[in-house]
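Report on the structure given below.
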Amino acid sequence: MKRCVIHIGMHKTGSTSIQLSFFNQLNNSEWKYANIGSSNHGPTLQRILHEELPRQNKADGSANANSNEALNKLIKDLEQEGENYLLSGEWLSTNIGLPTLTALRDLLLLHVEKITVMGYVRSPRSFMESSFQERLKRSALKLDFKYFPRYRLRLEPFDIVFGKENVMLAKFNPATFKKGCVVQDFCHRLDIEFPETLVKRRNESLSREAIAFLYTYRNFLNKQEADINFSIRENEALVNYLTKLKGSKLRFATEAINPILTKNQTHIEWMEARLGESLEEPYEDSADAIRSEDDLLRYKPEDLMWLAEQLGSKYIDKYQSNMKPKQVARWMLALHLKVIEKNSGHQKMSLKKLVRNAKKNTPELEAIPEAQAIALLTNVFQQISKKTEDINEGRVRVSGLGRFQINQVKHDKDGQKTTTKRVFFQSLKIKDE
């Protein structure tokens, strides 16, 4: 009897570690981890079930084509040998609704005889703290204590659609896991034989101090400076760099979140009854617990010095122990640009090599003499360079290639405020043109 196990990865319950550990590593006669794109299956399932609002015009059929392609890939993967088939995605725990879950169940039951659902549940306080941090990593947002998990809305639909007896929910408590590892606990609960040496741990939490700097950066740049369009990878580079700043854990003060917990007490009671254990955490407010935005905008002198040290001696000379948020935000912008520049590696590519690679990969270009192709490329890049030089701020889009974002970035140099012109390039897929 073939079974499908659906792992509903609530955010910050070790889902990324589970997904990265199993992806391309769990594939035997007993267990197969779905290979339908990335390690996180949520986006693919979302396309299949038409929950994503496609950017393309529906009239051209491209959205349906994408969904059908993903569906065919899932079906082909499901039909491979393996007694247990494992899907995992955070999207599944975001209150996607009964109709969507029913459609997923009916689709899977065409190819498997049994479906089991497995998920971990985080306590409300730690969920709210982690949710704020994860949202801040991706974009600017104001401090808000409203991100309560609403357990019943998220999880009861699984009981209804798949049957409560087929839904395994467990409290996320690393202190009770083998070696504190959620991957090993997951394997234990589902009887998966998986070598500990293949486990990939992923802990991307930032310290409270790093979060304070990131919050300041996201919210206190002036409009002109904040309008730089960094790519997802460039934003991730800054977040990853900030993990170097060690410190305390971000904690919300009891007085700040108690009104939210009281308002949602019925959700907590339902979840505790469903788990058969309490979701309470032993907790005492620390002196640096967050009560308001002002708490996030107070910086320790040693943390400000850390920031100065990342930027170099000129910033160390300008260090002050009472820096204001706007100045911290400008320094964070300087750090972000430095991190991006460092990650770029300053790789050099000759036009001759580019031309030879292009001719090798595209037979139609073979007839063009090398010298002529190099001259053509040189002229094209010169035209692009002149166009970006003529514009102080804005965008230059080159069809089939990408777009160049031109910004004026203000920063401090030798104690003086100055403005530097920055040009950022973002490539576009040809099919998007």
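When a residue number appears, it is its place in the shown sequence, counting from 1. Hydrogens, waters and symmetry mates play no part in the numbers below; they use all other heavy atoms, side chains included.
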Salt-bridged, E389 to K386, with N to O below 4.0 Å?
no
Treating S130 as the side-chain partner and F127 as the backbone partner, does any N or O pair qualify as donor plus acceptor under 3.5 Å?
no
Min side-chain heavy-atom separation H336-I340 under 4.5 Å:
yes
Could you tell me if R135 sits above the aromatic ring of Y147, with its cationic atom closer than 6.0 Å to the ring centre and no more than 45 degrees from the axis?
yes
Do R122 and K12 come close enough that some side-chain heavy atom pair is under 4.5 Å?
yes
Ignoring hydrogens and angles, tell me if any N or O in the side chain of H41 forms a donor-acceptor pair with the backbone of G89 under 3.5 Å.
no
Would the distance check show the side chain of S15 and the main-chain N or O of E90 forming a donor-acceptor pair, the cut-off being under 3.5 Å?
no
Looking at side-chain heavy atoms only, is the closest gap between L86 and F186 below 4.5 Å?
yes
Does H267 reach the main-chain N or O of P149 with its side chain, forming a donor-acceptor pair under 3.5 Å?
no
Using side-chain heavy atoms (C-beta onward) and a distance below 4.5 Å, is C181 in contact with R201?
yes
Salt bridge or not for K300 and E209, using N-O below 4.0 Å?
yes
Taking side chain as C-beta onward, heavy atoms only, is M323 less than 4.5 Å from Q320?
yes
Tell me, please, whether F220 has K142 positioned over its six-membered ring: NZ or CZ under 6.0 Å from the ring centre and within 45 degrees of its axis?
yes
Pairs flagged by side-chain hydrogen bond (donor to acceptor under 3.5 Å, both in side chains) wherever residues 167-181 is involved - sequence neighbours left out
K179-E196
Under 3.5 Å, is there a donor-acceptor pair between the side chain of Y217 and the main chain of W331?
no
Does the K246 side chain pair with the main chain of T243, one donor and one acceptor, at a distance under 3.5 Å?
yes
Testing the basics here: between P124 and Y151, what is the closest heavy-atom pair and its distance to 0.1 Å?
N-OH, 2.9 Å
Taking only residues at least two apart or on different chains, which pairs with a member in residues 303-313 satisfy side-chain hydrogen bond (donor to acceptor under 3.5 Å, both in side chains)?
Y241-Q310
Can you tell if the side chain of M271 reaches within under 4.5 Å of the side chain of L279, non-hydrogen atoms only?
yes
Do S207 and F213 come within less than 4.5 Å of each other through their side chains, counting heavy atoms only?
no
Can you confirm whether L221 sits close enough to K326 that some side-chain heavy atom of one is under 4.5 Å from a side-chain heavy atom of the other?
no
